[in-house]
Protein chains: 2
Amino acid sequence: MVTTNFEPKFINNPLNCPVTRAMSIIGGKWKPIILNCIGEKKIRFGKLNQIIPSISNKVLASELKELELYGLIKRTEYTEMPPRVEYELTKAGKSLIPILHELANWGDSTIAKKIIKELN
Amino acid sequence: MVTTNFEPKFINNPLNCPVTRAMSIIGGKWKPIILNCIGEKKIRFGKLNQIIPSISNKVLASELKELELYGLIKRTEYTEMPPRVEYELTKAGKSLIPILHELANWGDSTIAKKIIKELN
DNA sequence: ATTTGTGGTTACCATTTGGTTACTAGTTTT
DNA sequence: AAAACTAGTAACCAAATGGTAACCACAAAT
């Protein structure tokens, strides 16, 4: 067995920049996407994988684990066969909603759309 | 000369998720930090490197180039010796301020501080 | 005459991230 | 009797990201 010992290494932040602290936790391209997809509902692993098709199940699983470790999401496993697992935001996870909202807002702007269109 | 041909590869986004679009552009841990450090002022390369000590100048330079390519920052070079270059947010870059503000806000929260403290 | 200061770039290498395929368990459907 | 379904995990490999050290131009200061 390979002990999946995964200790997060946060960004070195001597000047105590709050944005750096935030990025240490939810930085990386997938986490905000995943958190936003979970939103206010309970959602199954497979469903998440469907609505974020460009992430592999391996990476999705490891991102979810990390978010769970941070206490931002809760994982509920039902003892059924085939297995069912649901993810939802914890209270701490919900505190990220304003960020996710601003990200969604900006992502919907003409500015964002133009950048993607012109460089694709 | 090695042609630094760097075409961004955006996240595949068939369902047109706005957060995914946003993350395609400002995803990655450094960009929000850099944008936030630039803020409303003009700032020199060296100064940026000082206040984000954990980024190497190589990575800082490449991130700045990418942000410039997206039209989020403007680079002004003064023909002096030693050289002086200043970076500032463009109008498009300033449209990100609400996101940066929320990130800073959350990064300052007890929740964020606790996560870092407990897992470090 | 040498050192200092600036904003990078380059080469080389190490680490991290990510993808693919195959596999598991036990119940239900074909 | 075989196949499908789910939520992963493991092994293996490819690609992206990041660090370090050396280097450049040229003027000003020592």
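In the text below, chain A, chain B and the rest are named by the order of the sequence lines, each starting its count at 1.
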Distance in angstrom units between [X] [atom1] and [N] [atom2], rounded:
X: B:Lys9; N: C:dG18; atom1: NZ; atom2: P; value: 12 Å
X: A:Met81; N: C:dT24; atom1: CE; atom2: C1'; value: 10 Å
X: A:Leu60; N: D:dT6; atom1: CG; atom2: P; value: 15 Å
X: B:Asn49; N: D:dG18; atom1: CG; atom2: C1'; value: 14 Å
X: A:Asn12; N: D:dG18; atom1: CG; atom2: C1'; value: 14 Å
X: B:Lys65; N: C:dT9; atom1: NZ; atom2: C1'; value: 8 Å
X: B:Tyr87; N: C:dG7; atom1: OH; atom2: P; value: 9 Å
X: B:Leu64; N: C:dT6; atom1: CG; atom2: P; value: 17 Å

Assess, by modelled atom type and distance only, whether the side chains of A:Glu68 and A:Tyr87 contain a donor and an acceptor separated by less than 3.5 Å.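 Result is no, nothing qualifies.
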If you look at every strand shown and take non-hydrogen atoms under 4.0 Å, does A:Thr79 touch a base, only sugar-phosphate, or nothing?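 No contact.
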If you look at every strand shown and take non-hydrogen atoms under 4.0 Å, does B:Tyr78 touch a base, only sugar-phosphate, or nothing?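 Nothing, no heavy atom under 4.0 Å.
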Between B:Lys58 and B:Arg44, which has a closest nucleotide on DNA chain C that is more 5'?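 Nearer the 5' end of the strand: B:Arg44.
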Find which nucleotide of DNA chain C each of B:Arg75 and A:Asn57 is nearest to by heavy atoms, and output the residue with the more 5' nucleotide.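 It is B:Arg75, whose closest nucleotide lies nearer the 5' terminus.
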Which ones in residues 28-37 of chain A lie close to DNA chain C, meaning a heavy atom under 4.0 Å from one of its atoms?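 When residues 28-37 of chain A is checked for heavy atoms under 4.0 Å from DNA chain C, the hits, listed by number, are A:Lys29, A:Trp30.
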Please indicate whether A:Lys113 has more than 12 foreign heavy atoms, meaning atoms of other residues, nucleotides or ligands, lying under 6.0 Å from its NZ.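 Yes.
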Check A:Leu89, A:Ile25, A:Leu35 against A:Leu96 for a side chain to side chain contact (heavy atoms under 4.5 Å, CB included) and give me the one that passes.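 Single pass found, and it is A:Leu35.
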Quick check for you: among [options], whose closest atom lies nearest to any side-chain atom of [X]?
X: B:Phe45; options: D:dT9, D:dA7, C:dG7; answer: C:dG7
X: A:Pro83; options: C:dG7, D:dT6, C:dA11; answer: D:dT6
X: A:Pro82; options: C:dT6, D:dT9, D:dC5; answer: D:dC5
X: A:Ser56; options: C:dG8, C:dG5, C:dG19; answer: C:dG19

Would you mind checking if A:Glu63 and A:Lys65 are paired as a salt bridge, meaning a charged N to carboxylate O distance below 4.0 Å?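 Looking at A:Glu63 together with A:Lys65, the answer is no, because their closest N to O distance does not fall below 4.0 Å.
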Basic-acidic side-chain contact under 4.0 Å: B:Lys114, B:Glu118: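 Here B:Lys114 does not pair with B:Glu118 in a salt bridge, since their nearest N and O are not under 4.0 Å apart.
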Is the side chain of A:Lys42 donor-acceptor paired with the backbone N or O of A:Ile38 at a distance under 3.5 Å, no angle test?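 Side chain of A:Lys42 to backbone of A:Ile38: no pair is present.
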Between the main-chain N or O of B:Tyr78 and the side-chain N or O of B:Arg84, is there a donor-acceptor pair closer than 3.5 Å?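 Not a single qualifying donor-acceptor pair exists.
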